[in-house]
Amino acid sequence: MGLSRPECKHVSTGLKTRPTEIHCPVTTMTNPLQYSQTLAQNARSAASALAPIAAGRKNAWLQRVANALREDSAAIVTENAKDLAAGTQSGLSGAMLDRLKLTPDRIESLAKAVEYIIVLPDPVGEVIEGQRRPNGLFVSRVRVPLGVVFFIYESRPNVTIDAAALCVKSGNAVILRGGSEAIHSNRALQAVIARTLVAEGLPTHAVQLVESTDREIVGHLLSMGNLIDVTIPRGGKSLIERVAREATMPVIKHFDGICHVYVDASADEQMAIDITINSKCHRPGVCNAAETLLIHRNAALKFWPRLAAELQTKGVELRCCPPSLELISNGKPATDADYATEHLDLIMSVRIVDSIKQAIEHIRHYGSAHTDAIVTNCVAASMQFEAEVDSAAVVINASTRFNDGGELGMGAEIGISTDRFHARGPCGLRELTSYKFIVRGEGQTRS
């Protein structure tokens with residue numbers, strides 16, 4: 001083949017193996033096209049083998065993964081430290097380094113997320129609907145896996161486990177292509193995935209990691225619509241634009257996470273402060289963090305200076321419209337570009353509006369249809385916001401951070417889609433399936 005798969009050093013412990021050290025050097029590509037074809041062909045074969053496997057076997061594998069994450073936590077953190085050091089040297093922002101970082105607590109949370117997926121119903125084989133036709137035929141729609149998923153993502157190595165767990169549970173083979181900034185972390189996590197697939201007797205190519213940072217491989221895989229059924233990009237706008245432009249298969253995506261919090265005139269002051277701070281500051285570098293605060297003029301006159309002070313205490317840089325700037329100190333003037341920017345940092349654009357209608361018009365103009373929240377004590381205002389804001393998630397009196405697969409009861413997610421076809425919002429197990437018609441007869445022929 002002109003290339004070899006790098007090996008991870010292990011010691012045998014019966015059915016399980018644990019790494020004495022995780023040492024997976026980046027593969028040297030002699031033929032990126034051939035390598036890409038091999039990945040796709042192996043994934044296609046694995047998808048066929050994986051589709052009929054019973055839920056019990058998939059769940060047993062998931063439990064092995066959760067156990068192995070805990071067992072190998074220290075080794076994974078060691079590999080992650082290499083990525084963090086390289087990211088610091090290359091000038092990654094604090095928010096991006098936070099997205100990259102794995103700690104024992106975060107690995108434990110990841111293991112728990114895998115265990116949560118175990119208890120979720122297996123969507124494969126679910127009968128969506130069925131009906132008896134007048135001629136006696138029984139027609140049903142049944143969930144089936146999408147097939148082969150090509151998943152491209154940046155920065156967050158925990159997504160490696162999320163994607164693998166969701167794809168295998170939903171019967172899909174997946175090709176993972178993480179960002180170069182997380183290569184050591186992703187390879188350590190793939191080592192866990194690979195050996196647990198072997199231990200459980202599942203198809204070994206059900207989860208494959210692109211083991212090179214060569215960007216040419218991405219282009220080759222995007223051209224293989226005959227072997228890959230769907231591509232899901234998760235990362236910056238330039239990555240997603242490239243995928244949408246080059247892909248020869250369907251793409252599930254969102255371009256930006258320009259999320260808004262609108263504080264209505266009737267909002268409770270403390271609730272508005274708590275929701276705004278959590279939406280902006282909890283994890284500022286993620287797609288469901290709020291980027292813009294819209295505040296009704298009446299609410300602004302009552303408590304905008306206090307809210308601004310609370311945000312600034314958290315280190316948030318406020319970029320303000322003229323009326324909001326006049327009411328506080330240490331703010332900066334906002335530009336039109338600020339309202340159209342996903343900052344992914346402790347930066348918040350602010351605008352005072354005269355009405356809920358003006359707030360909704362702002363969201364329609366500048367928003368990305370990802371997540372938008374209203375804080376209000378007025379039922380009519382909440383109903384108007386719910387009806388007129390067309391985003392993947394509309395949130396009433398809660399943080400934008402809740403637009404997340406785990407928080408919405410779906411387990412982990414492979415991404416949050418702002419598309420309308422074929423999935424929207426957090427993409428979990430059901431969103432990784434399609435359906436087929438099953439037609440049962442007793443010898444009927446069509447006249």
Verdict with supporting geometry, E71 and R64, salt bridge (charged side-chain N to carboxylate O under 4.0 Å, His left out) | CA-CA 10 Å; E71 293 165 0; R64 282 187 185 271; over 6 Å; no

side-chain contact (heavy atoms from CB on, under 4.5 Å) with I128: which residues, sequence neighbours excluded?
-> R141, R143, Y435

Let me see the working for L100 and M96 under side-chain contact (heavy atoms from CB on, under 4.5 Å), right down to the final yes or no.
-> CA-CA 6 Å; L100 181 59; M96 295 301 289; over 6 Å; no

Any side-chain donor-acceptor pair under 3.5 Å between D338 and T335?
-> yes

Got more than 12 heavy atoms from elsewhere within 6.0 Å of CD, Q131?
-> yes

Sidechain-backbone polar pair: H254 side chain, I416 backbone, donor-acceptor under 3.5 Å = yes

E413 side chain vs G428 backbone, donor-acceptor pair below 3.5 Å = no

For V439, side-chain contact (heavy atoms from CB on, under 4.5 Å) partners two or more places apart | L137, V139

Without swapping roles, check the side chain of R99 against the backbone of G285 for a donor-acceptor pair under 3.5 Å.
-> yes

Go through the steps for E216 and H220 under the test side chain to side chain donor-acceptor pair (under 3.5 Å), then give the verdict.
-> CA-CA 7 Å; E216 185 180 345; H220 290 314; 3.0 Å; yes

Ion pair D214/R177, N-O distance below 4.0 Å = no

If you measure from the Lys or Arg side-chain nitrogens to the Asp or Glu carboxylate oxygens, is any gap between E79 and K82 under 4.0 Å?
-> yes

Mark yes or no for whether S417, through its side chain, and D419, through its backbone, hold a donor-acceptor pair below 3.5 Å.
-> yes

Just checking, is any N or O donor in the side chain of N67 or Q63 under 3.5 Å from an acceptor N or O on the other one?
-> yes

Answer yes if the side chains of S185 and N80 hold a donor-acceptor pair under 3.5 Å, and no otherwise.
-> yes

Counting only heavy atoms not in K253, do more than 12 sit closer than 6.0 Å to its NZ atom?
-> yes

Between S349 and Y366, do the side chains contain an N or O donor and an N or O acceptor separated by less than 3.5 Å?
-> no

Partner set under side-chain contact (heavy atoms from CB on, under 4.5 Å) for E431, not counting sequence neighbours = M410, A423, C427

Could R195 and D72 be called an ion pair, given the rule that one side-chain N must be under 4.0 Å from one carboxylate O?
-> yes

Cationic N near anionic O, under 4.0 Å, E200 to R57 | no

Salt-bridge present (K169, D122; N to O < 4.0 Å) = no

Will you find, in the side chains of D372 and S391, an N or O donor that is under 3.5 Å from an N or O acceptor?
-> yes

Is a salt bridge present between R430 and E126, judged by a nitrogen-to-oxygen distance below 4.0 Å?
-> yes

Side chain to side chain donor-acceptor pair (under 3.5 Å) between T103 and D105, worked out | CA-CA 5 Å; T103 65; D105 285 345; 5.3 Å; no

Donor-acceptor pair, side chain of D83 and main chain of H184, under 3.5 angstrom = yes

Check the side chains of T371 and H260 for a donor-acceptor pair under 3.5 angstrom, ignoring hydrogens and angles.
-> no

Evaluate the side-chain contact (heavy atoms from CB on, under 4.5 Å) criterion for residues V316 and I347: first the C-alpha distance (whole Å), next the side-chain angles of each, then the deciding distance (0.1 Å), finally the verdict.
-> CA-CA 5 Å; V316 179; I347 299 169; 5.9 Å; no

